Amino acid sequence: MLDQKLIRENPTLVEEKLSVRGIKLNLSHLQKLTIELKNKDTELSNLQSESNKISKLIGNYYHNQKDSSIGDINELKSNGNNLKSEISKLEQIKRDLNKEIIDEILKIPNFPSKNAPKGKDESQNIELRKWGNPLKKENIKSHWEIGENLNLFDTKRTSRISKSRFITLIGNGARLERALINFMLDTHQKNGYLELMPPALVNSESLRGSGQLPKFSNESFKCHEDDLWLSPTAEVPLTAFHKDEIIDPKLLPLKYVAFSPCFRREAGSYGKDTKGLIRLHQFNKVEIYWFSNPEHSEEAHQKITSDAENILKELNLPYRVVDICSGDLGFSSSRTFDLEVWLPSCNNYREISSCSNCLDFQARRSLIRTKQNKKTTFLHTLNGSGLAIGRTMAAILENGQQKDGSVKIPDVLVPYFGSSFIKTN
RNA sequence: GGAAAGGUGGCUGAGUGGUCGAAAGCGAACGACUCGAAAUCGUUUAAUAGGGAACUAUUCGUGGGUUCGAAUCCCACCCUUUCCGCCA
């Protein structure tokens, strides 16, 4: 959420900063509303001040044995009454104005960082670095072919259970999923992250706090009987974990790792990635998350990214890091580094992690603050996948495939998985 | 789902109609003592808005109501805890 004062005082700057996202905003109306709100606020505060004075006079009157120097007590009371009705009218106006303003502001995305590359869409993202040797061979099988051959998961039956874009993992497939989750959680814990296991259902306020609402309500599944949604990412409960708190700066940075199932409606992605593990309505993810001192969030962003990269390195999966351009940035993010893993069947890299610095955008929405030189300020939040489990499994199956149809398991995973190869189920 | 108790500052917790934005303690900051630290003593320490200060206003779960005046009384809702019921 952007600062209301900034919109009031320098709407052109806001429009400029957001124009690099490729969106055109005209904030003059919103500016008018915020100025009006401010005026009403001053007016109201004057009336309230007067009303408080009257109340004190009356209070004194009774305390000093009906001191007659104060004047006619009934007249004072009726003055108080008149003020009261004026005040309540103004309050109503203010409330309506405020709601109108907040509703609008919540729909405005974060400013892109000045360091983010300028560009209009993903074609203008910039590759920062590459790691590992991409596997390029003839007769490469896709992970869904491998999965079918080795009976690692099922989609046909699963569509009867739920619908398309869901999956049932079977035998070694399920085991590999578990191994990956445990390996990632353990690795991040060793690197100083505290594990949380948050709920999968979250309320509207939590979704608003991290930026999924109000704009993206059709991207999440909603429970109609309750004010609860299936969380699209652990970023939501992790942000909300410290909602309304003022965190002692000495405790910063707070680093959390959380495993969670993620639920996404994937509206508007018909026909994309219909096979395999890449795009599902439900998938598992290990998320890493920082609450950072505002002064250190840029270093934090580098660190959280390298912590996510570390998982790919340990798994020996080739990947690259991409600096997301201004036009392709997510709603809440000011800068994002995507990690893309090599998928031989696509002969290309595919997103497996997104590491974002949201600055104070989510903190402002969720009212999460800290102290800086005795002043209360919003802290910064950063999130990164560390990693998406399904996509990691796809990468392991494809990059580890052997001539005989088996799959080699990365060394670090062997103690978790229990053997070095998946041969048959 | 039923019953009871409760929701107050960074935290614990007192406060049942007026000088209460709120005792006390903890924590924190600063100072004294010390070579330094601990302990001790002293002072300070809620948030938000009004461009800083002064000052003003608002905020004691949320929303309404009574009153000149509400943390305090009334109503509704939300949440927490305990007991009962149900259940992995």
Side-chain angles (χ1 to χ4, degrees), chain A residues 1-11 13-14 30-31 33-102 105 197 199-209 223 225-229 237 240-252 254 261 291 293 360 363-379:
Chain A
M1 183 161 73
L2 301 181
D3 189 0
Q4 210 179 114
K5 201 197 276 179
L6 193 62
I7 289 168
R8 193 170 62 222
E9 289 171 0
N10 202 344
L13 179 73
V14 176
L30 192 55
Q31 185 195 24
L33 292 180
T34 54
I35 291 170
E36 199 181 330
L37 179 66
K38 195 185 144 187
N39 292 339
K40 294 289 178 206
D41 194 50
T42 315
E43 206 179 314
L44 177 64
S45 145
N46 289 339
L47 288 179
Q48 279 165 331
S49 171
E50 220 173 302
S51 150
N52 288 344
K53 272 179 209 152
I54 290 178
S55 298
K56 279 206 175 123
L57 277 179
I58 296 172
N60 282 337
Y61 174 82
Y62 288 116
H63 272 268
N64 303 328
Q65 275 88 41
K66 316 216 163 161
D67 177 0
S68 55
S69 69
I70 283 168
D72 185 355
I73 201 70
N74 288 324
E75 198 181 316
L76 272 179
K77 284 190 185 181
S78 99
N79 281 348
N81 262 330
N82 291 339
L83 274 174
K84 193 164 65 166
S85 76
E86 274 186 71
I87 285 171
S88 77
K89 266 186 229 156
L90 253 183
E91 276 175 342
Q92 187 56 45
I93 292 171
K94 243 194 82 179
R95 232 188 327 249
D96 293 346
L97 256 178
N98 194 49
K99 187 179 183 312
E100 199 178 345
I101 289 166
I102 296 292
I105 290 183
M197 206 174 273
L201 294 185
V202 295
N203 61 34
S204 301
E205 216 171 295
S206 297
L207 283 164
R208 212 171 296 125
C223 306
E225 297 290 313
D226 304 279
D227 177 33
L228 289 170
W229 305 65
F241 191 61
H242 286 295
K243 187 176 159 44
D244 292 328
E245 289 184 25
I246 297 176
I247 297 172
D248 186 337
K250 274 182 290 190
L251 299 175
L252 298 178
L254 285 172
F291 293 89
N293 185 302
D360 66 358
R364 200 182 283 280
R365 290 172 161 247
S366 304
L367 211 64
I368 309 171
R369 295 166 294 176
T370 187
K371 295 272 186 181
Q372 251 184 340
N373 320 314
K374 294 191 178 177
K375 288 203 79 179
T376 314
T377 53
F378 292 106
L379 48 70

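All values reported here derive from a predicted model rather than from experimental measurement. Lettering follows sequence order; numbering is per chain, from 1.
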side-chain contact (heavy atoms from CB on, under 4.5 Å) between A:D248 and A:K371, worked out: CA-CA 7 Å; A:D248 186 337; A:K371 295 272 186 181; over 6 Å; no
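- At least one donor-acceptor pair under 3.5 Å links the side chain of A:R364 to the backbone N or O of A:M1.
- For the pair A:N52 and B:rU58, the criterion of a side-chain N or O lying under 4.0 Å from OP1 or OP2 is met.
- Taking atom C1' in both B:rG25 and B:rC78, one finds a spacing of 31 Å when rounded to whole Å.
- For the pair A:G59 and A:K5, nearest-nucleotide mapping onto RNA chain B gives the more 5' position to A:G59.
- Out of B:rU19, B:rG50, B:rU58, the shortest distance to the side chain of A:Q48 is found at B:rU58.
- Atom name C1', nucleotides B:rA88 and B:rA4: the rounded distance is 27 Å, in whole Å.
- In terms of position on RNA chain B, the residue among A:D3 and A:E91 whose nearest nucleotide sits closer to the 5' end is A:D3.
- One distance of note links NE2 of A:H242 with CD1 of A:I247; it measures 4.5 Å at 0.5 Å rounding.
- For the C1' atoms, the distance from B:rG17 to B:rC68 is 12 Å, rounded to whole Å.
- Between the C1' atoms of B:rU67 and B:rU8, the separation comes to 23 Å (whole Å).
- The partner of B:rU12, taking Watson-Crick or G-U wobble pairs whose two distances both stay under 3.5 Å, is B:rA24.
- Backbone-only contact: A:N81 has heavy atoms under 4.0 Å from sugar-phosphate atoms and none from a base.
- Straight-line distance between the C1' atoms of B:rG21 and B:rU59: roughly 9 Å, to the nearest whole Å.
- Checked against B:rG69, B:rU58, B:rA47, the side chain of A:T376 finds its nearest nucleotide in B:rA47.
- Listed nucleotides: B:rC68, B:rA57, B:rA47. Nearest to the side chain of A:S45: B:rA57.
- Closest to the A:K38 side chain, of the nucleotides B:rA29, B:rG51, B:rC68, is B:rG51.
- A:S51 places no side-chain N or O within 3.5 Å of a backbone atom of A:G80 that could act as its donor or acceptor partner.
- One C1' atom belongs to B:rC60, the other to B:rU12, and the distance between them is 16 Å to the nearest Å.
- Across the C1' atoms, B:rG9 and B:rC20 are found 13 Å apart, a figure rounded to whole Å.
- Put simply, CG on A:L367 is 17 Å from P on B:rG61, counting in whole angstrom units.
- Residue A:R364 places none of its side-chain N or O atoms closer than 4.0 Å to OP1 or OP2 of B:rU48.
- In this structure, A:R369 reaches the B:rU48 phosphate: one of its side-chain N or O atoms is under 4.0 Å from OP1 or OP2.
- A donor-acceptor contact under 3.5 angstrom links the side chains of A:N203 and A:S206, judged on distance only.
- One finds a side-chain N or O of A:K371 lying less than 4.0 angstrom from the OP1 or OP2 phosphate oxygen of B:rA47.
- B:rG1 is paired with B:rC84 under the criterion used here, namely a Watson-Crick or G-U wobble arrangement in which both key atom distances are under 3.5 Å.
- For the pair A:S366 (side chain) and A:A363 (backbone), a donor-acceptor distance under 3.5 Å is absent.
- Between A:K84 and B:rG69 there is a side-chain polar atom (N or O) within less than 4.0 angstrom of OP1 or OP2.
- For A:S49, counting side-chain heavy atoms from C-beta on, the closest listed nucleotide (B:rC68, B:rA57, B:rG51) is B:rA57.
- The base-pairing partner of B:rA53, taking Watson-Crick or G-U wobble contacts with both distances under 3.5 Å, does not exist among the strands shown.
- With a cut-off of 3.5 Å on both Watson-Crick or G-U wobble distances, the partner of B:rA76 is given as B:rU62.
- Closest approach to the A:R95 side chain among B:rU19, B:rG64, B:rC68 is made by B:rG64 (side chain taken as heavy atoms from C-beta onward).
- For A:I58, the side-chain atoms get nearest to B:rG18 when compared with the rest of B:rU67, B:rG18, B:rG64.
- Side chains of A:Q92 and A:D96: a donor on one and an acceptor on the other come within 3.5 Å.
- Pairing for B:rC33 is absent, judged as Watson-Crick or G-U wobble with the two contacts each under 3.5 Å.
- Comparing B:rU19, B:rG10, B:rG18 against the side chain of A:I246 picks out B:rG10 as the nearest.
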